[in-house]
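Chain A is the first sequence line, chain B the second, and so forth, proteins listed ahead of strands; every chain is numbered from 1.
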Number of protein chains: 2
Amino acid sequence: MVEPIGRRERKRLATHHALRAAALRLGAERGIRDVTVEEIATAADVSVRTFYDHFPSKEDAIIGFDAWRVDQLRDALADRPADEAPLEALRVVMGQLFHESSGEWPLRMRAINADPALLGRMFVSFIAYERALVEVIAQRTGLDSERDPYPALVTAVATAAFRASMTTARASGGALDPAATFDAAITRLGAALSPPQREDGPTTC
Amino acid sequence: MVEPIGRRERKRLATHHALRAAALRLGAERGIRDVTVEEIATAADVSVRTFYDHFPSKEDAIIGFDAWRVDQLRDALADRPADEAPLEALRVVMGQLFHESSGEWPLRMRAINADPALLGRMFVSFIAYERALVEVIAQRTGLDSERDPYPALVTAVATAAFRASMTTARASGGALDPAATFDAAITRLGAALSPPQREDGPTTC
DNA sequence: TGCACTCATTGCACGACGTGCAATGAGTCG
DNA sequence: CGACTCATTGCACGTCGTGCAATGAGTGCA
């Protein structure tokens with residue numbers, strides 16, 4: 001767990017964080033569409049070229065999630081009790097997304113409000129999570145994710161709850177708490193999504 | 001319903017269709033990343049500038065859906081029987097998306113296979129549908145979509161079923177039919193998603 | 001300590017993207 | 001026929017995203 005990290009990588013992480021923080025701040029202030037990559041790079045005191053070595057686009061610097069988070073989420077799901085319902089396991093694991101990233105969410109939400117197109121980009125970035133989680137669910141249920149729609153379905157439904165919670169919380173102007181709404185939505189859906197019986201080949205659903 | 005359409009608009013629609021067809025064909029053949037807007041415009045025999053008067057980007061020419069389709073879908077949902085379960089109504093209406101567009105789907109699927117990032121763009125374009133459908137669901141159930149998560153949730157779940165069907169059908173290499181998988185998935189979810197009671201203010205879920 | 005190696009950062013160059021603007025000409029309406 | 005609408009077009013410009021080679025700090029080994 002405690003990896004000895006060298007000075008080089010520490011500096012790289014600092015640069016990475018500085019770029020993300022700059023993008024987040026500028027995007028929240030003025031909307032990402034009115035911010036150029038050059039401004040972000042300058043704010044982080046690096047060159048434009050370096051920015052592109054850390055993020056494929058300025059949008060990703062705001063709403064994209066690092067690759068290691070995907071692994072982290074996958075491991076967290078794999079560590080859930082084997083007898084736990086898939087959707088319940090997803091609720092616990094995905095719910096953590098609301099609480100992480102040390103204060104990045106408020107800025108991120110403001111950036112999204114300033115340019116709602118970012119919400120779409122965010123949902124797209126969830127696809128990477130989904131791909132990883134689908135495999136874990138398939139393994140837990142003993143189903144083949146390429147022949148049985150169930151793993152993809154239950155994961156997509158969990159993401160749907162996440163999306164709906166974000167959207168509604170945003171629409172309510174802060175009256176609703178995304179995390180609580182997410183938990184309630186998942187609980188509501190839980191009854192319908194216990195895994196199908198296997199043995200008898202891929203289920204129709 | 002039968003709008004008298006002039007020559008001017010007919011030509012514009014022809015240009016629109018030619019551009020979409022060219023983008024679809026080239027994207028399916030070589031992957032949209034290796035196709036320039038100039039090539040698409042040339043194939044449709046118009047200028048590059050004209051392309052951008054019809055589509056905001058080459059990706060939208062392949063996976064984006066026209067604005068009038070959103071209205072069409074909203075109207076179709078509004079026309080469903082008032083006593084029909086929301087999710088069932090969504091199943092019928094969204095299921096039509098698989099059968100429309102006169103043969104565009106095979107090319108579209110090939111383009112997506114050539115560049116899976118398009119799948120993400122496609123899901124993003126669904127957001128426009130969702131926004132419209134959420135309002136209709138809210139109206140049908142008498143709920144306030146800004147205070148009660150239910151309309152957004154049930155719509156997002158329907159989209160999740162759509163997404164999972166597309167993804168699994170793609171992963172199965174054609175062994176599964178997206179439309180049938182979608183129907184089955186919705187049916188499976190139906191039990192859990194009857195609308196909440198109103199009267200007593202916004203429900204917790 | 002010295003030396004070879006790794007790699008994050010940088011500048012440069014280039015093709016592609018997306019849009020504002022004004023001109024043109026076909027289509028439309030009275 | 002004349003005034004108006006509007007799809008199309010070329011032009012210009014700023015921005016994006018990436019390949020390539022150079023630089024120098026960081027790292028590991030003798």
### Task
Looking at every strand, decide which applies to A:Arg12 at a 4.0 Å heavy-atom threshold: base, sugar-phosphate, or nothing.
sugar-phosphate
#### Entry: Most 5' of A:Pro56 and B:Arg49 on DNA chain D, judged by nearest nucleotide
B:Arg49
### Message
Mind checking if B:Val46 touches a base, just sugar-phosphate, or nothing, with heavy atoms under 4.0 Å?
### Response
sugar-phosphate
### Query
More than 12 non-hydrogen atoms from neighbouring residues, nucleotides or ligands closer than 6.0 Å to CZ on B:Arg33, yes or no?
no
### Task
Mind calculating the distance between OH (B:Tyr52) and C1' (D:dC13) to the nearest angstrom?
14 Å
### Query
Is there a donor-acceptor pair closer than 3.5 Å between any side-chain N or O of B:Arg91 and the backbone N or O of B:Ala158?
no
### Summary
Looking only at heavy atoms, the pair that brings A:Ala164 and B:Ala156 closest together is CB-CB, 4.2 Å
### Query
When the distance from CZ of A:Arg33 to P of D:dG14 is rounded to whole Å, what number comes out?
17 Å
### Message
Holding to side-chain contact (heavy atoms from CB on, under 4.5 Å), I want the full list of residues that pass it with B:Arg12, two or more places apart in sequence or in another chain.
### Response
B:His54
### Message
Using a heavy-atom cut-off of 4.0 Å across all strands, would you classify B:Val37 as base, sugar-phosphate, or nothing?
### Response
sugar-phosphate
### Query
Side chain of B:Ser47: nearest nucleotide among C:dT9, C:dG27, D:dT9?
D:dT9
### Summary
From CG of A:Asp34 across to P of D:dT15 the rounded distance in Å is 11 Å
### Message
Just checking B:Asp45: does its CG atom have more than 12 heavy atoms from other residues, nucleotides or ligands closer to it than 6.0 angstrom?
### Response
no
### Query
Which part of the nucleic acid, if any, lies within contact of A:His54, taking any heavy atom under 4.0 Å across all strands shown: a base, the sugar-phosphate backbone alone, or nothing?
sugar-phosphate
### Query
Between C:dT10 atom C1' and A:Leu19 atom CG, what is the distance in whole Å?
14 Å
### Task
Using a cut-off of strictly less than 4.0 Å, decide whether B:Lys11 has a side-chain nitrogen or oxygen near OP1 or OP2 of C:dG27.
yes
### Task
Measure from CD on A:Glu39 to C1' on D:dT15 and round the result to the nearest Å.
12 Å
### Message
Between A:Thr15 and B:Ser57, which residue's closest nucleotide on DNA chain C lies nearer the 5′ terminus?
### Response
A:Thr15
### Query
B:Asp45 has an atom CG; how far is it from atom P of D:dA7, in whole Å?
19 Å
### Query
Does the separation of the ring centres of A:Phe126 and A:Phe162 fall below 6.0 angstrom?
yes
### Task
For A:Asp53 and D:dT18, give me the distance from atom CG to atom P, rounded to whole Å.
10 Å
### Summary
Whole-Å distance, A:Glu59 CD to D:dC16 P, equals 9 Å
### Query
For residues B:Ser57 and B:Glu59, is any side-chain donor paired with an opposing acceptor at under 3.5 Å?
yes
Might you list the N or O atoms of the protein lying below 3.5 Å from N or O atoms in nucleotides 28-30 of chain C, with each pair's distance?
residue	atom	partner	partner atom	Å
C:dT28	OP1	B:Arg7	N	2.5
C:dT28	OP1	B:Arg8	N	3.0

### Query
Contact class for B:Thr36 vs. all strands (heavy atom < 4.0 Å): base, sugar-phosphate, or nothing?
sugar-phosphate
